[in-house]
2 protein chains.
Amino acid sequence: MSDADTDPAATGAELGWRLSTAVVLFHEAVGQRLGLRALDHRALGLIEREGPLTAGALAELTGLTPGAVTGLVDRLSRLGYVRRVPDPADRRRVLVSADTEARPDLADAFTGLSRAMGDLVAKYDDTELAAITDYVTNTIDILYAQTRRLGAPGPTGRTTPHGEGTGAD
Amino acid sequence: MSDADTDPAATGAELGWRLSTAVVLFHEAVGQRLGLRALDHRALGLIEREGPLTAGALAELTGLTPGAVTGLVDRLSRLGYVRRVPDPADRRRVLVSADTEARPDLADAFTGLSRAMGDLVAKYDDTELAAITDYVTNTIDILYAQTRRLGAPGPTGRTTPHGEGTGAD
DNA sequence: CATTTTAGTTTAGTGAACTAAAATAAGCAG
DNA sequence: CTGCTTATTTTAGTTCACTAAACTAAAATG
């Protein structure tokens with residue numbers, strides 16, 4: 001493509017598409033490195049962001065049944081990424097908390113990334129940085145808006161990826 | 001946020017993290033909407049980008065065995081996203097090509113996204129746009145570099161997500 | 001203190017996607 | 001034209017994550 005056809009929309013979309021591909025591939029690579037499935041990876045992120053969660057809360061947030069959450073937490077804790085901590089206030093409850101110490105791979109991966117991103121950002125002056133920040137912030141908003149739009153109607157109607165019970169028994 | 005706490009590294013990493021989350025969630029939403037698994041979604045993207053691919057090429061690119069590719073293409077074509085076309089030059093070969101017509105959902109999703117992104121990009125003047133483009137381009141490079149780094153060593157040693165043969169028989 | 005409710009785990013069974021290897025079909029070489 | 005190679009599909013068997021439902025344990029209630 002020459003400069004002749006630099007249509008803003010096309011440029012924006014093309015750049016966004018390539019960025020999106022890069023992000024997804026990176027996430028997949030992180031997941032594979034960690035031995036995690038997409039859902040497990042996402043659940044781990046959830047646990048990290050939302051602080052210690054009870055198994056029930058995790059079930060609600062992921063849309064899984066309690067039994068599936070047990071399996072999920074089993075996998076995650078077997079790999080050492082999370083830890084089951086009994087809730088001192090209510091001993092029926094199990095708090096699932098991220099075990100940050102035990103994730104050298106993940107920490108390493110994200111350290112390298114965040115340092116590279118920091119170096120990159122340092123190159124720009126305030127005006128440029130403002131534009132970049134504005135762009136990224138708006139892109140995030142757009143993505144969330146589009147995600148909501150996609151999630152809303154649901155013509156296929158399946159929120160679960162697979163293995164829905166047939167209820168045939 | 002005030003200017004007081006704008007540490008470049010922190011800003012870059014934080015912004016990048018949020019962007020990455022947004023991208024991944026969007027991709028997941030698209031995949032769910034389409035009834036596609038992560039790998040299927042990725043394979044579809046591959047077919048779209050790389051033009052018609054033979055089943056064998058797809059196997060190499062995805063790292064799957066030929067048999068698994070047959071299943072993959074079955075799923076994708078059953079949903080109408082791709083089409084099997086016999087290679088006129090070599091009739092053993094099967095070309096798998098994306099069936100763009102048959103994807104109103106996907107087209108709609110990406111049309112909305114690309115229009116929104118186009119509108120966003122149109123806001124900026126040339127200087128700002130140059131900074132943004134530079135930032136995004138470099139971010140993509142960084143992500144690919146980090147992805148390569150993650151993929152290279154592989155302490156867990158598993159390139160396949162699961163179901164590796166035990167070779168016990 | 002007995003009963004009900006709540007939280008999570010365990011068990012049984014299902015469906016999906018994968019691997020390995022055999023089968024089918026088409027091109028190519030002697 | 002016969003045999004060998006290549007490309008994909010088919011078949012058999014495995015593994016994994018999920019659901020549903022039974023179960024265990026702890027808290028709340030009367």
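In what follows, chains carry the letters A, B, and so on, assigned in the order in which the sequence lines appear, proteins first and then strands, with residues in each chain numbered from 1. If you're wondering where the values come from, they're calculated on a predicted model, not measured in any experiment.
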**Q.** Residue-phosphate contact under 4.0 Å: A:R91 side-chain N/O, D:dT24 OP1/OP2
**A.** no

Side chain to side chain donor-acceptor pair (under 3.5 Å) pairs touching residues 51-76 of chain A, sequence neighbours excluded, are A:D40-A:R75, A:D74-A:R84

To the nearest angstrom, the CZ-P distance between B:R37 and D:dC16 comes to 15 Å

Applying side-chain hydrogen bond (donor to acceptor under 3.5 Å, both in side chains) to A:S20 and not counting sequence neighbours gives B:H27

Sorted by chain and number, sequence neighbours left out, side-chain hydrogen bond (donor to acceptor under 3.5 Å, both in side chains) with B:D87 holds for none

Whole-Å distance, A:R78 CZ to C:dT9 P, equals 13 Å

Atom CG of A:D40 and atom P of D:dC16 are separated, to the nearest Å, by 13 Å

note: B:R75, atom CZ; C:dG15, atom P; distance rounded to Å ~ 17 Å

To the nearest angstrom, the CG-P distance between B:D87 and C:dA25 comes to 18 Å

Output side-chain donor-acceptor pairs under 3.5 Å for residues 88-95 of chain B, partner residues at least two apart or in another chain, one line each.
from, atom 1, to, atom 2, distance (Å)
B:D90, OD1, B:R92, N, 3.1
B:D90, OD1, B:R92, NE, 3.1
B:D90, OD2, B:R92, NH2, 2.8
B:D90, OD2, B:R93, NH1, 3.3

With sequence neighbours left out, the residues meeting salt bridge (charged side-chain N to carboxylate O under 4.0 Å, His left out) with B:D141 are none

Taken to the nearest whole Å, CG/B:L36 to P/C:dA17 is 10 Å

Separation between CG (B:L129) and CG (B:D134), nearest 0.5 Å, reads 11.5 Å

Atom CG of A:L64 and atom P of C:dT9 are separated, to the nearest Å, by 13 Å

Letter by letter from the 5' end, nucleotides 6-11 of chain D scores (B base, S sugar-phosphate only, - none; protein heavy atoms under 4.0 Å) BSSBB-

